[in-house]
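The structure appears right after this line, and notes come after that.
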Amino acid sequence: MASADSLVVLDFETSGMSPDYGDRAIEIGAVRLEKGVVVDEFQALMNPGFRVSGFIENFTGISNQMLAKAPPCEQVMLQFADFFGDSNLLAHNASFDQRFLDSEMKLIKRAYKGEFCCSMLVGRRVFQDAPNHKLGTLVNYVDLPVDGQFHRALYDAQMTSGIWLAMLEKIRADYACHDISFATMKKLSRVSKKQVAGFLASM
DNA sequence: TGCCAGGCCCTCTTTAGGGCCTT
């Protein structure tokens with residue numbers, strides 16, 4: 001059974017909120033975790049073929065000038081598909097990143113077998129006392145060292161992996177759970193908040 | 001931030017509405 005501490009954590013920067021309305025990925029960042037250790041990283045800007053808005057330039061720090069020099073999305077996504085292979089996947093608010101991954105993979109005619117888990121949904125259950133469950137808030141909540149730029153793909157993927165490992169550590173400590181599987185974390189992301197303690201105690 | 005999304009989740013719910021998250 002796949003372990004929860006061996007997977008690929010990914011984050012997309014994009015031109016907007018919805019691939020169904022023509023938005024594209026402009027940067028992918030990812031880290032590969034094996035037994036809770038970062039063993040590989042992937043980062044690339046990609047040219048969507050159109051200019052992104054001033055809001056996106058300001059929000060991400062990724063300029064149209066930077067994107068003009070970047071390889072096209074299709075070229076980067078082929079490389080990224082080889083990077084993550086059939087690994088299980090993790091993202092913060094995964095429904096967002098999954099929509100873009102599915103859209104970009106469809107364009108390059110590639111499929112993938114890995115399943116997504118969402119660190120935000122798990123975070124809402126494991127860190128119920130956090131002020132909110134934004135990525136940056138949880139980074140502070142679990143006291144991760146902050147030395148990079150949020151809203152850049154690799155940094156956000158690194159921070160997501162740190163939050164994920166902190167959640168696994170808390171579950172191990174609070175419930176004496178060891179060998180936590182990816183499937184267990186996916187189930188945890190769906191149980192009601194009131195059922196979290198009972199669910200984990202039964203593991 | 002917006003002529004624009006979508007899934008989750010709570011509640012003043014389920015014949016619905018609105019906040020949270022992601023860019």
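A, B, ... follow the sequence lines: proteins, then strands. Residue 1 opens every chain. As a basis for the values below, the full set of heavy atoms in this structure was taken, side chains included, without hydrogen atoms, waters or symmetry mates.
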Counting heavy atoms from C-beta on, name the nucleotide in dG6(B), dT23(B), dC21(B) closest to the side chain of Arg99(A).
-> dG6(B)
Using a heavy-atom cut-off of under 4.0 Å over every strand shown, decide if Leu121(A) touches base, sugar-phosphate, or nothing.
-> sugar-phosphate
Find the distance Met120(A):CE to dC20(B):C1' and express it as a whole number of Å.
-> 7 Å
Of the candidate nucleotides dC4(B), dT23(B), dC21(B), which contains the atom at the shortest distance from the side chain of Asn132(A)?
-> dC21(B)
For DNA chain B, whose closest nucleotide is more 5', that of Ile26(A) or that of Ser95(A)?
-> Ser95(A)
Comparing nearest nucleotides in DNA chain B, the 5'-proximal residue of the pair Ser15(A), Asp20(A) is Asp20(A)
Can you tell me, in whole Å, how much space there is between the C1' of dG18(B) and that of dT14(B)?
-> 15 Å
Is it true that Arg110(A) and Asp82(A) make a salt bridge, defined as a side-chain N closer than 4.0 Å to a carboxylate O?
-> yes
Atom OG in Ser63(A), atom CZ in Arg51(A): separation rounded to 0.5 Å?
-> 9.0 Å
Which part of the nucleic acid, if any, lies within reach of Phe100(A) when heavy atoms closer than 4.0 Å are counted: base, sugar-phosphate only, or nothing?
-> nothing
Whether Tyr112(A) and Phe84(A) hold their rings parallel, tilted or perpendicular, with breakpoints at 30° and 60° = perpendicular
What distance, rounded to whole Å, do you find between the two C1' atoms, one in dT23(B) and one in dG6(B)?
-> 13 Å
Heavy atoms under 4.0 Å, any strand shown: does Met17(A) hit a base, just sugar-phosphate, or nothing?
-> base
Please examine the side chains of Leu90(A) and Met185(A), heavy atoms only from C-beta on, and report whether any two atoms are closer than 4.5 Å.
-> no
Verify the cluster assignment for Tyr141(A) and Leu168(A): are they in a single hydrophobic cluster under the rule of side-chain heavy atoms below 4.5 Å apart?
-> yes
Gap in Å between the two P atoms, one belonging to dC3(B) and one to dT22(B), rounded | 23 Å
Specify whether Phe80(A) and Phe42(A) have parallel, tilted or perpendicular ring planes, treating 30° as the upper limit for parallel and 60° as the lower limit for perpendicular.
-> tilted
Can you sort out which residues in residues 151-165 of chain A have a heavy atom within less than 4.0 Å of DNA chain B? Ascending by number, please.
-> His151(A), Asp156(A)
Mind checking the C1' distance from dG19(B) to dT13(B)? Whole angstroms is fine.
-> 15 Å
Distance, P atom - from dC20(B) to dT1(B), rounded to whole angstrom = 15 Å
Sugar-phosphate only, base, or nothing, as touched by Asp97(A) at under 4.0 Å among non-hydrogen atoms | nothing
Take the protein atom NE2 of His133(A) and the nucleotide atom C1' of dC8(B), then report the distance between them rounded to whole Å.
-> 13 Å
Is it the case that Arg32(A) places NZ or CZ above or below the six-membered ring of Phe83(A), under 6.0 angstrom from the centre and within 45 degrees of the axis?
-> yes
Nucleotide dT22(B), atom P - distance to CG of Asp102(A) in whole Å = 20 Å
What nucleic acid atoms does Arg190(A) come within less than 4.0 Å of, heavy atoms only: base, sugar-phosphate, or nothing?
-> sugar-phosphate
Using the P atoms only, state how far dC8(B) lies from dC12(B), rounded to an integer number of Å.
-> 22 Å
